[in-house]
Each structure stands twice: as C-alpha cells, then as structure tokens.
Amino acid sequence: MNCYKKILMLFAGVMLFSCNSVLELQPTDKIRAEDLFSDPEGVKLYMANLYYQLPIEDFAYFRAGFNQNGGDPNNGGFAPAMVTDEAAHSEFGDFVGDGDFHWWDQGYKLIRDVNLMIDAIPTLDILDEERRALIGESAFIKAFAYFGLAKRYGGVSLIKATQEYTSDVESLKVPRSTEKETWDYVMELCDQAIDNLGDGTGRRATKWTAYALKSRAALHAASIAKFWNRAPLSGDAVSQELVGMDASAAAGYYNLCIQASEAIMTSGKYGLFMPDPASPEAAAENYRLLFQNPNTAGNEAIMIKGYTLTGNNLGHNYDIWYQPAQVANGWPHPGRMNPTLDLVDAYERYDNPGVSAPVQTVTGGNVNDYNGYNPALNYIRFDSPNDIFKGKDARLWGTAILPQTTWKGTPIIIQAGYVKPDGSAVIRTNDNITIDGTTYYTYGAASTTQYSGFDTYGGNNTRTGFSFKKFMNQLNPITPGWNQSTSDFIEFRYAEILLNYAEAVVESGTGDAAAAAKALNDIRKRAGHTVDIPLTVDNVQRERRVELAFENKRFWDLIRRREYHTQFNNRMTHSLLPLRDLRALPATKYIFVRVNLPNSNPKTFNERSYYRYIPGIGSNGLVQNPQY
C-alpha cells in the first residue's frame, strides 16, 4: 500500500508504451515505459498498481464503486449490505439504484493496463520462472477484471490485446461478446493463471487464488444459466445472447466449480480456522478473531487485501462508520451498520439444528406480527436484553453486537422504550418516568453518549436493535478521522470454497455428495454445532447467508440465483425493539417487539437491475442492456 503514491507518478509514463512521439523527443517529467519495465522495481510497482485496481469488494467498496477511501469519502457509510436483507443504515433508506455499483470505465482501464503488462513480459530480462509468474499474475488480474464486468453487465467487449490508436476511432470499437463467451473467457484466463503460477508467497496471486476465483466465477455463471428463467428479460441484448444463457450451460460451469474447489480442498494447504471449538462461546470468539486480524487466521485465508497505513487512499473507514455510538471516541457519525432482524432470525438454535430460528417474543410462537406493541399480548419476559438470543448460532454473537453485551469494555445499551406499570408503553420517544425514586429512560440511559439504540439523534444509533461487530477492531480505540483503519480484508477464504463446492454439487446433482455434505457440516462444527444436517439447497443457502454475512456476497447471491425480485417485492425489513418492562418491578425484566424497520418504506427490486446499464452507448455503439 505504501508504494501507491509513487505509482501515480510513475504510471503516466506507461502510456508511452503504445504511442510514438511525433518529434521523438524524450520527456523529462515522465519515466518511459521501456525504462519502467526494464527495472525489476518498476515492474513490481506497476504490478502493485494492477492489484490496487482489482474489483475487490472490501472495506472501501461502496455504491459509488471501489477504493472509496480518499479524503472525506462522502458516502455516508452506505454499504452494499444495506440493499440486501442483511442490514439497514441507521439513517438512510436507499435501495438498488441504476447508478449504483458500476465498474465499466475503471474495468476497461485495468484491462488496458494489464494488456500493457502482458506486452512487456517477453521483453523483460528476468528468469523463466519469474516470467511465468508474471504471465500467471497478469492472467489472474485480467480474469478478475472480466469477472467484475460480467457479473454486472453480462456479455462485454473482450479486449484481448493492447489496442493502438491509428486515427481510425471505429477500429477501436469492439462489439459485446455473448454472456457465455464472456464467462468462458474468464474460465480460460483462470486456467492460464493456474498453469503458470506456483504456490507463491505474500499477498500476490498464486495458483490457489486462481482456483478460488475460478470456483467463485464458475458458480456465478452456472447460476445465471440455471436460474435465468426465474426472471427472463427481453430485447436486443437478449436476442443477441449478450445477456442470459441457456440452462444447458449450467452443468459445465457447475463441474468447473466442483473441480476448482476440489483442487483447493485436496491440496492440503488450506483449512478452517479453529475448526474444533470447545464451546459455542469459544466458537463465537474464534469467528470474530478471524476477521479482526486475518493474518492470524492460519490457513483459512487464501487471499488477503492489506491495509497497512492510515490516510487517504490507504486506510479505510469501517471502524468509524460502524462501531456503536458509545465507543465513538468523538467521531460524529458512528453506528451506521445495523444488522436486521431478518438476518438474526436466519441463525439456527443448537437445540433445533437445520432450520432457521426466528426469535420468540410472545407465547404461542407468532413470529409474523410486526404491528407493534400490543398490551393484550402475552410477551415472554427475559432477565437480560440478550437472553432472548441465548442458544443461537455462535456466528450471530461473533457478527452482531447484541443488546447489553460488552464491547471494548462497555456494556452496549440498546433499548427502544419501556412499558409503564399500567401497561401503556413509551417507544422511540425521548421520555422518562420515575418510580419509587428510580428514573427510567426511553433509551436506557439519560445521555446520548450512554446508549447506542433507536434515538434518531445524529443518525448514529441502531434502528434495528443490533449493532455491528464483524471486522471491527476491539483492541484499539476509534481514531476520529478519515481512513484511519488498517484491518485487512479476506478476499478469498476456505469456508467460501467449501460452500461453493456444496452448492455446485447439490444444484447439479453431480460430484461427491458425501464430500459436499462433510464440507457443509465442517463449517457448522467450527460454529459449535455437533449435529450434522443433510446436503440440501436450503441448508446450503442458509449457511452461505450466516457464514458469509457482510462479506458482500449476499447481494451477488440474490443476483446470480435470480431471487432478488421475489425476496424484495414490496418488502419491509424488520427490527426488534427491546423494552424495559416496568410492570414486573421490583424485578428487572425485558420484553421484545417485532416491528417493521422504523422510518422506512417497502422495497421492490426492478428486474432490469439484474444487469447494470452499459454507459456511453452513444459513442461506443454497444447494444444496451434490457429495459434501460
């Protein structure tokens, strides 16, 4: 990361690589391409710039795109998880917009840059082993780039070699290939990377990262083919097969996913971090530690993106945006990632494995009443605001900050109101009541610095009943400033490979079903489960949802499986309101109320959003995606 500023100065000279100077004058303010590539350090810097441009959906990825960590990113902390059923923003209620999550111009810039690198490789005075490594890395980066384009736009223009401008603009225009041709090219590039790369060291691509990319990309392609008819589109792009694939293509891609996943699984190089916890409590802490510092994750991390320095374009902002308000340390905009009740409900209970376990708030088990507090209902009373979650999957405790649990040595108070002795309730209205000399407050404490829930003050308190823990650094206090976080991000990890494998096997009906079931249950055992569950589509998808939560996989799972428009059809997401029950005095009791997410509107996914629109068709002449 600390070399990027140098790269910005060096990189301008690379453009000379494919251009001839009319007067053959040598510039004095730029490094020539041949000089840059002839120097091993220059090659290293150039390659670092390529890695920096990879479409890794990490801590600096927001709806405006990648690497959104410049000075004052001005994205309000609005992460991709907030357009799924994983999370809500504490203040905003946006959904998937036409202008969100694009990567067109940046994608083709990376492809141009890597093509320049590929052109230079034969000219470099390096060992054959080093040359093969550069060939493999270039293929990996190019595959990653086309994967980023394909999953957004479908079939795209395949620029397989450097283009040279010869005053004929039309000669530079490359029509879109079909979606299948595009996915096949991604597979081809992955294979080139696998064939040329070795085990590798550090954080550069290896044959195993190439296998991991192939596993992920092949599963995506297989899903598009299998589930296209769940939301078929029409128009020129469809009739020309620029978007969509025939269902018959699914089997081949599932097989490629299985093969790539098996290569990693049988290599002996990777495994789950802390696979045999002594208890669910230990499992929760192991899971949390995996993401607080991936460098201590043993052999689960296949590829890490590092954040080693603070500052613009170097550090990131997850800690300042998302930690609860009580530990903000002066930062004015915390607490903005609010896990939804919908996600919390998806986690199992240990005493009823294999099914989601919505939290029970009333006797009789009705978990579909979101109409608010009703004094006529028989609410279950709990001694603590987090007792209602006891017995649920450890990964919930490692992902979300639950009411009245301790974070950074501070009990995090998340309370939405109280029930008066007469049965009436004060909910989400700043108030207090004194009974027998003791004052009770709506939000659990008197001051805005003493609680983290439901008060709309500053947009800094959860409105779902949950705050955020996954990825957060518990060791250091928040530094109140932009881009001060240096936690690393795991781009590929072994658990995802196991889940890709399990899904490919169960969806295709091919492969080793016993091995796939073991892969699924090994992940669950790491979470403290002791009972195996069968390999089914529902079980695999529930495991993906809870194991990979907030890793920016849910958005694409809904896209590739064509489930977004059914999951979000005039849909509300939901919150859980913890209320102090003053009817139980002198005992301390809490009840919980399931409600629609406060201050929000129903959300409906537009089917055209399965693909992003193609920008610039007036000049590039490309066929537009359906319904734009």
Side-chain angles (χ1 to χ4, degrees), residues 3 7 10-11 13-18 33-56 107-150 156-164 174 177 181-218 256 259-260 263-264 267 269 302-305 491-492:
C3 64
I7 296 169
L10 294 172
F11 184 65
V14 175
M15 296 302 97
L16 299 176
F17 189 79
S18 59
E34 53 267 37
D35 294 333
L36 177 64
F37 288 130
S38 66
D39 183 349
E41 285 301 309
V43 174
K44 183 177 180 180
L45 287 170
Y46 191 86
M47 187 62 73
N49 178 268
L50 297 181
Y51 277 99
Y52 182 70
Q53 294 181 68
L54 281 178
I56 294 177
Y108 279 104
K109 178 184 181 303
L110 175 54
I111 289 167
R112 179 194 64 193
D113 292 350
V114 75
N115 278 339
L116 289 170
M117 179 75 244
I118 292 170
D119 289 345
I121 289 173
T123 71
L124 300 179
D125 184 16
I126 55 178
L127 298 174
D128 287 345
E129 181 181 352
E130 295 171 321
R131 196 181 315 278
R132 284 178 61 86
L134 287 178
I135 292 171
E137 283 185 280
S138 298
F140 171 79
I141 292 168
K142 201 169 179 180
F144 211 137
Y146 274 110
F147 175 49
L149 290 169
V156 297
S157 303
L158 302 180
I159 312 297
K160 298 185 177 182
T162 303
Q163 293 181 302
E164 293 191 23
V174 178
S177 294
E181 288 169 341
T182 303
W183 287 112
D184 287 346
Y185 188 48
V186 173
M187 299 298 109
E188 177 186 330
L189 290 167
C190 285
D191 287 340
Q192 289 179 17
I194 292 165
D195 290 342
N196 285 281
L197 289 169
D199 289 345
T201 59
R203 300 185 181 188
R204 294 170 69 162
T206 69
K207 68 185 298 182
W208 309 112
T209 60
Y211 272 124
L213 175 59
K214 187 175 182 181
S215 168
R216 182 187 293 174
L256 292 177
Q259 292 176 353
I264 296 171
S267 69
K269 294 182 175 295
I302 300 173
M303 183 179 185
I304 296 174
K305 179 175 178 180
E491 173 58 14
F492 294 109

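Every heavy atom of this structure was used, including side-chain atoms; hydrogens, water molecules and symmetry mates were not.
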Novice: Could you go through the side chain to side chain contact (heavy atoms under 4.5 Å, CB included) check for Lys214 and Met187 one step at a time?
Specialist: CA-CA 6 Å; Lys214 187 175 182 181; Met187 299 298 109; 4.0 Å; yes
Novice: Roughly how far, to the nearest 0.5 Å, is the CG atom of Leu134 from the CD1 atom of Ile126?
Specialist: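 Those atoms lie 4.5 Å apart.
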Novice: Taking all non-hydrogen atoms of both residues into account, name the closest pair between Ser157 and Tyr108 and its distance.
Specialist: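 The answer is O-OH, 2.7 Å.
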Novice: Within this structure, what is the NZ-NZ distance for the pair Lys269 and Lys207, rounded to the nearest 0.5 Å?
Specialist: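 Here the interatomic distance stands at 9.0 Å.
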Novice: Angle between ring planes, Phe144 versus Phe492, binned at 30° and 60°: parallel, tilted or perpendicular?
Specialist: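 Judged by the thresholds at 30° and 60°, the geometry between Phe144 and Phe492 is tilted.
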Novice: Given the rule in the side chain to side chain contact (heavy atoms under 4.5 Å, CB included) test, do Arg131 and Ile121 qualify, once you have shown the distances and angles that lead to the verdict?
Specialist: CA-CA 7 Å; Arg131 196 181 315 278; Ile121 289 173; 3.5 Å; yes
Novice: If every non-hydrogen atom of Met117 is compared with every non-hydrogen atom of Ser138, which pair is closest and at what distance?
Specialist: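 Closest approach of Met117 to Ser138, heavy atoms only: CG-OG, 3.7 Å.
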Novice: I need the Asp199 CG to Thr206 OG1 distance, nearest 0.5 Å.
Specialist: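 So the CG of Asp199 and the OG1 of Thr206 are separated by 7.0 Å.
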Novice: Compare every heavy atom of Asn115 with every heavy atom of Ile159, then report the nearest pair and how far apart it is.
Specialist: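 Minimum heavy-atom separation between Ile159 and Asn115: O-ND2, 3.1 Å.
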Novice: Atom CD of Glu137 and atom CD1 of Ile118: how far apart are they, to the nearest 0.5 Å?
Specialist: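 Between atom CD of Glu137 and atom CD1 of Ile118 there are 11.5 Å.
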Novice: When you check the gap from the basic side-chain N to the acidic O, do Arg216 and Glu491 get nearer than 4.0 Å?
Specialist: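 Result for this pair is yes, salt bridge flagged.
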Novice: Provide the closest heavy-atom pair for Ile111 versus Leu149 in the form atom of the first, atom of the second, distance.
Specialist: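 So the two residues come closest at CD1-CD1, 3.6 Å.
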Novice: Taking Asp195 first and then Arg132, would you say they form a salt bridge - that is, a charged N and a carboxylate O separated by under 4.0 Å?
Specialist: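 A salt bridge is absent here (no side-chain N lies under 4.0 Å from a carboxylate O).
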Novice: Please test Met47 against Leu50 for side chain to side chain contact (heavy atoms under 4.5 Å, CB included), starting from the C-alpha separation and ending with a verdict.
Specialist: CA-CA 5 Å; Met47 187 62 73; Leu50 297 181; 3.9 Å; yes
Novice: Quick one: closest heavy-atom pair of Tyr51 and Ala205, and the distance?
Specialist: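 Nearest pair, atom of Tyr51 first, then Ala205: OH-N, 2.7 Å.
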Novice: Taking the side chain as C-beta and beyond, is there a heavy-atom pair between Glu130 and Val43 under 4.5 Å?
Specialist: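 Sidechains of Val43 and Glu130: no contact.
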Novice: So, taking the atom named CG in Asp113 and the one named OH in Tyr52, what distance separates them when rounded to the nearest 0.5 Å?
Specialist: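 Rounded to the nearest 0.5 Å, the CG-OH separation comes out at 13.5 Å.
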Novice: Please round to the nearest 0.5 Å and tell me the distance separating atom CZ of Phe140 and atom OG1 of Thr209.
Specialist: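 Nearest 0.5 Å value for the CZ-OG1 distance: 4.0 Å.
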Novice: Leu158 and Val174: which non-hydrogen atoms are nearest, and at how many Å?
Specialist: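 In this case the closest contact between Leu158 and Val174 is O-CG1, 4.1 Å.
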Novice: Please determine if Lys142 forms a cation-pi arrangement with Tyr185, meaning its NZ or CZ atom is less than 6.0 Å from the six-membered ring centre and no more than 45° off the ring axis.
Specialist: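 Pair Lys142/Tyr185 does not count as cation-pi.
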